[in-house]
Amino acid sequence: MRSSTAPILWVLVIAFGLLFMLQDTQVFDAVLAGPRTMGEVNGKPVTSEQFNQRLNAFTEQHRQQTGNPPSREQLANYQDVVWDQLVVELALQSQMEELGIEVTDQEIRDAVFGDDPDPIIRQYFSLPDGSIDRGSLRAFVEAPEAAGDWIIIENQIRERRQQEKINQYVQSSIFISDREIEQEYLKTNTRANISYVRFPYSEVSDDEITVSDSDLRSYHKNNGNQFEQDKTWSFRYVTFSKLPTEADTSRTLEMMTNMRESFAMAENDSLFLLDNFSTTEYNGSFRPATEVGRAYYDVFDMETDEVSEAVIDGNQAVIYKKTGERRGSETFVRARRIQLNFNDSNKDQKRAEANEIVSDIRGGADFSDFLSQSNDRTSAAQNGDLGFLSREDFDNAVSNPLFRANTGALVGPIEYEGAYHVFQVVEKTNTEVSFVALGRLIEADPSLTVQSQQIVADDFREFAVLDGFEEEAARNEYVVQEATATEGSPFIAGLGESRITMRALNRLNKEDISEVLELDDMFVVLQLDEVREKGVRPLSDVESLVEAAVKQRKRKDILTQRVRSEYTGLESLDAIAEAADKQVQSAANVRMNSTNISGGGREPGFIGAVFGAEVEQLKGPIVGENAVFFFVVNERQEADLESLSSAERDRIRTRLQQQKTRVFTENLVDELKESADIKDHRQALGMMQ
């Protein structure tokens with residue numbers, strides 16, 4: 001050890017010297033700063049400015065459409081969409097450059113100063129008569145203080161022109177020939193009427209089949225493409241809800257209750273709603289009973305200018321002020337219902353039960369006592385209340401007795417649409433009312449509910465790392481759930497669509513415990529159990545699927561051989577049907593481009609054989625997807641190209657053009673992504689949290 005001290009000291013001296021030299025060159029600043037762009041595509045940078053500008057456009061559009069900022073998951077989705085768009089655009093830009101397709105500076109000048117200026121120039125520099133204010137335009141372009149804004153506009157024009165050229169490139173790559181149009185017309189309009197005898201593979205029982213381990217291994221090896229999977233993660237997780245609690249609901253109701261007096265005194269209800277940030281919009285029109293929501297039914301008993309108690313309407317607390325009432329032209333009935341469904345075997349029994357219910361209620365029993373027997377679970381959850389009904393809601397067989405009955409009366413049982421119905425009339429009215437509702441969302445309190453749940457989640461995560469995930473969950477009596485996520489699909493059973501969770505899984509190694517993930521309605525802590533890379537799933541995972549496929553193949557082979565040996569040589573479908581103890585089935589107007597056969601399921605190969613056969617000739621056996629067939633084409637109506645009008649030709653061309661464009665675009669995007677050199681720095685920049 002002592003003999004090596006001197007060399008070690010020299011190494012340390014040299015190392016420290018290098019460190020001081022590197023510090024002077026600011027290399028550490030560059031290392032610590034990390035990547036300076038969001039990423040690169042074929043050497044072209046995806047700048048933060050590009051990314052944020054596009055992302056802001058999505059979020060602003062979301063805000064305008066919904067009135068709210070995007071949630072965490074929605075924002076994560078927009079981030080992925082923007083990234084994919086920019087990657088494809090830059091990859092396509094590289095492709096265009098290779099093809100010599102570019103937007104020149106002269107094209108930009110023409111788009112600004114030419115006779116047909118770009119729409120963005122028209123947007124900012126148009127005069128009232130539609131012409132361009134050339135003087136203002138030139139002054140803006142030449143003004144030094146507007147240089148930054150002009151660069152943005154020029155880039156937008158360049159991107160628009162580039163997109164136009166991309167579209168032209170795509171469209172020029174797609175050609176629909178007259179021959180294709182005629183073939184599509186023939187396949188769509190050529191039809192056949194057929195008769196057939198069908199031998200489904202399911203007729204072969206499991207007792208006739210022997211499946212060995214060798215069969216399973218062989219099928220799995222030779223059909224691996226059927227069992228391919230994308231990268232998957234298996235994990236366990238514990239959730240901590242961010243949804244409003246009973247205390248949050250009570251607080252919101254109390255807040256609305258405290259506003260009743262000021263609402264009653266308000267002279268301008270519309271302005272009052274705006275000043276108090278109401279989640280409900282002003283509506284001062286008169287409404288019939290059927291247009292009044294269930295939460296507002298007390299309005300019919302209120303005085304004008306009276307303000308209601310605070311009530312819950314969906315996810316909001318509301319108070320409402322009655323502003324008027326008048327007599328309407330139509331009467332409506334509010335009713336409760338007990339519904340007993342029946343079938344052919346129990347119809348008499350259900351009629352007797354309905355009569356007994358009516359008898360018991362008339363004898364003093366409570367209507368509510370029988371709601372547990374009702375098959376209409378939606379109304380049963382509302383104490384049987386159907387709300388206000390108009391005559392058009394039911395046929396006359398129900399409406400006439402219901403609307404003739406007095407308030408409180410029982411109506412029924414009435415047989416209607418496969419059920420016996422017993423109604424109780426709650427009230428009748430022809431009054432139309434106007435009222436104004438002030439609403440507030442019932443939300444989880446950021447500090448009392450959300451922050452406290454985050455603290456609980458943080459504590460769980462900390463102790464789970466120290467003591468074990470399952471152990472800490474058990475100690476706190478938290479429910480541990482299991483889930484599987486698949487790359488490319490943000491939907492996770494139990495969590496819904498969660499790109500935030502997918503991003504976290506990508507950062508974890510096996511047995512790692514995640515940070516606390518904040519989703520829209522919950523906090524999540526997860527532990528990664530297993531990662532399976534993209535590829536063929538092992539036989540042990542898909543053995544049941546492989547066994548089912550092997551059995552189906554053996555059924556197919558056994559039945560095909562049996563049918564060929566027993567029925568080939570019979571001269572008619574009737575003879576085959578009689579020998580097999582089957583019925584001759586028929587299908588009319590089978591199109592040449594069909595894939596399904598009536599009574600036989602998906603059988604594209606069989607349908608292809610139908611249109612390759614001669615009329616009135618027995619054909620078979622045809623080995624299909626799900627059965628073996630013998631058939632006869634009774635009649636075939638051949639499409640006549642002379643009937644193909646120019647309008648129909650144009651419609652077919654448009655449809656084929658759209659189909660080809662979609663397929664071409666999807667393939668082009670996939671190929672561009674696959675061939676491009678993509679560097680994604682978002683995670684290093686903290687964009688993938």
S.K.: Check the side chains of Q74 and S71 for a donor-acceptor pair under 3.5 angstrom, ignoring hydrogens and angles.
M.R.: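 Judged by distance alone, the side chains do pair up.
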
S.K.: Does the pair R260/E309 count as a salt bridge with the N-to-O cut at 4.0 Å?
M.R.: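 So R260 pairs with E309 through a salt bridge.
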
S.K.: Quick one: are V425 and L402 in side-chain contact, heavy atoms under 4.5 Å?
M.R.: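 Of all side-chain heavy-atom pairs linking L402 with V425, at least one is under 4.5 Å.
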
S.K.: Are E325 and T431 linked by a side-chain donor-acceptor pair shorter than 3.5 Å?
M.R.: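 Absent: no donor and acceptor within the cut-off.
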
S.K.: Using the ring-ring contact (aromatic ring centres under 6.0 Å, His included) rule, collect all pairs that involve residues 444-484, keeping only residues at least two apart or in two chains.
M.R.: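 For residues 444-484: F240-F460, F240-Y478, F460-F469, F460-Y478.
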
S.K.: Which heavy atom of K350 sits nearest to which heavy atom of N341, and what is that distance?
M.R.: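 In this case the closest contact between K350 and N341 is CG-O, 3.4 Å.
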
S.K.: For the pair D133 and R122, find out whether any cationic side-chain nitrogen is under 4.0 Å from an anionic carboxylate oxygen.
M.R.: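 Here D133 does not pair with R122 in a salt bridge, since their nearest N and O are not under 4.0 Å apart.
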
S.K.: Tell me, do V333 and T429 make a side-chain contact under 4.5 Å, heavy atoms counted?
M.R.: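 No; the side chains remain at least 4.5 Å from each other.
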
S.K.: Do L528 and N509 have side chains that approach each other closer than 4.5 Å (heavy atoms only, starting at C-beta)?
M.R.: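 A side-chain contact under 4.5 Å is absent here.
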
S.K.: Do Y320 and V436 touch side chain to side chain, with heavy atoms closer than 4.5 Å?
M.R.: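 No, side chains not in contact.
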
S.K.: Test salt bridge (Lys or Arg N to Asp or Glu O under 4.0 Å) on E353 and R351; report intermediate values, then the result.
M.R.: CA-CA 5 Å; E353 290 178 13; R351 184 191 301 114; over 6 Å; no

S.K.: Apply salt bridge (Lys or Arg N to Asp or Glu O under 4.0 Å) to E154 and R158, showing your working.
M.R.: CA-CA 6 Å; E154 183 178 334; R158 190 177 297 276; 3.5 Å; yes

S.K.: Less than 4.0 Å between a side-chain N and a carboxylate O, is that true for E306 and K322?
M.R.: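 Answer for the salt bridge query: no.
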
S.K.: So, for A354 and P413, which heavy atoms are closest and what is the spacing to 0.1 Å?
M.R.: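 Heavy atoms only, the tightest pair is CB-CB, 3.6 Å.
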
S.K.: Can a donor-acceptor pair be found, under 3.5 Å and without considering hydrogens, that links the side chain of H421 to the backbone of G412?
M.R.: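 Not confirmed, H421 side chain does not pair with G412 backbone.
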
S.K.: Would you say the side chain of S48 lies within less than 4.5 Å of the side chain of T37, judging by non-hydrogen atoms?
M.R.: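 Not in contact.
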
S.K.: Keeping to residues at least two apart or across chains, list the salt bridge (charged side-chain N to carboxylate O under 4.0 Å, His left out) pairs with something in residues 402-419.
M.R.: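 Listed by first then second residue: K347-E415.
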
S.K.: Identify whether NZ of Lys or CZ of Arg in R682 sits under 6.0 Å from the centre of the six-membered ring of F51 and within 45° of that ring's axis.
M.R.: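 The answer is no; the distance or angle limit is not met.
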
S.K.: Indicate yes or no: does E472 engage R461 in a salt bridge with an N to O separation below 4.0 Å.
M.R.: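 Salt bridge absent between E472 and R461.
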
S.K.: Do the side-chain N and O atoms of N383 and S368 include a donor-acceptor pair separated by under 3.5 angstrom?
M.R.: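 S368 and N383 do have a side-chain donor-acceptor pair below 3.5 Å.
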
S.K.: Supply the atom-to-atom distance I132 CD1 to L137 CG, rounded to the nearest 0.5 angstrom.
M.R.: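 Nearest 0.5 Å value for the CD1-CG distance: 7.5 Å.
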
S.K.: Does any donor atom in the side chain of S514 or D512 lie under 3.5 Å from an acceptor atom in the other side chain?
M.R.: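 The criterion, which ignores hydrogens and geometry beyond distance, is not satisfied for D512 and S514.
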
S.K.: Measure the CD1-CD distance between I361 and Q424 for me, rounded to the nearest 0.5 Å.
M.R.: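 With rounding to 0.5 Å, CD1 (I361) is 6.5 Å from CD (Q424).
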
S.K.: A side-chain contact here means heavy atoms from C-beta on lying under 4.5 Å apart; do L519 and R72 qualify?
M.R.: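 The answer is no, as the side chains (C-beta and beyond) never meet within the 4.5 Å cut-off.
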
S.K.: Please name all residues satisfying ring pair (Phe, Tyr, Trp, His ring centres under 6.0 Å) with Y78, sequence neighbours left out, ordered by chain then number.
M.R.: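 With neighbours one apart ignored, the set is F58, H62.
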
S.K.: Ignoring hydrogens and geometry, is there a side-chain-to-backbone donor-acceptor pair from T239 to M522 under 3.5 Å?
M.R.: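 Looks like no, no N/O pair under 3.5 Å.
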
S.K.: Would you check if there is a donor-acceptor pair between the side chains of S270 and N268 at a distance under 3.5 Å?
M.R.: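 Absent: no donor and acceptor within the cut-off.
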
S.K.: Just grab all the salt bridge (charged side-chain N to carboxylate O under 4.0 Å, His left out) pairs involving residues 267-280, residues at least two apart or on different chains.
M.R.: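 The answer is D269-K321.
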
S.K.: When you measure from the centre of the six-membered ring of F423, is the NZ or CZ of R336 under 6.0 Å away and within 45° of the axis?
M.R.: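 No.
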
S.K.: Any Lys/Arg nitrogen of E49 or R54 sitting under 4.0 Å from an Asp/Glu carboxylate oxygen of the other?
M.R.: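 R54 and E49: not salt-bridged.
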
S.K.: Check this for me, if you would: do R160 and D118 make a salt bridge, where the nitrogen-to-carboxylate-oxygen distance has to be below 4.0 angstrom?
M.R.: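 A salt bridge links R160 with D118.
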
S.K.: Under the rule for ring pair (Phe, Tyr, Trp, His ring centres under 6.0 Å), what residues qualify as partners of Y297, not counting sequence neighbours?
M.R.: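 So Y297 forms a ring pair (Phe, Tyr, Trp, His ring centres under 6.0 Å) with F388.
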
S.K.: With a 4.5 Å heavy-atom cut-off, do P401 and I414 have their side chains touching?
M.R.: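 Counting from C-beta outward, P401 and I414 do come under 4.5 Å.
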
S.K.: Think R440 forms a cation-pi with F277, using NZ or CZ under 6.0 Å from the six-ring centre and within 45 degrees of its axis?
M.R.: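 Output no; distance or angle outside limits.
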
S.K.: Looking at CD1 of I442 and OG1 of T249, how far apart are the two atoms once the value is rounded to the nearest 0.5 Å?
M.R.: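 The distance works out to 4.5 Å.
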
S.K.: For S399 and R391, indicate whether the former's side chain and the latter's backbone hold a donor-acceptor pair under 3.5 Å.
M.R.: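 At least one qualifying donor-acceptor pair exists.
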
S.K.: Could you check if a side-chain atom of T449 sits within less than 4.5 angstrom of a side-chain atom of K242, using non-hydrogen atoms only?
M.R.: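 Contact flag for T449/K242 side chains = no.
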
S.K.: Mind jotting down which residue pairs meet the side chain to side chain donor-acceptor pair (under 3.5 Å) criterion with at least one end in residues 479-495? Sequence neighbours excluded, please.
M.R.: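 Every pair satisfying side chain to side chain donor-acceptor pair (under 3.5 Å) with a residue in residues 479-495: Y237-Q481.
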
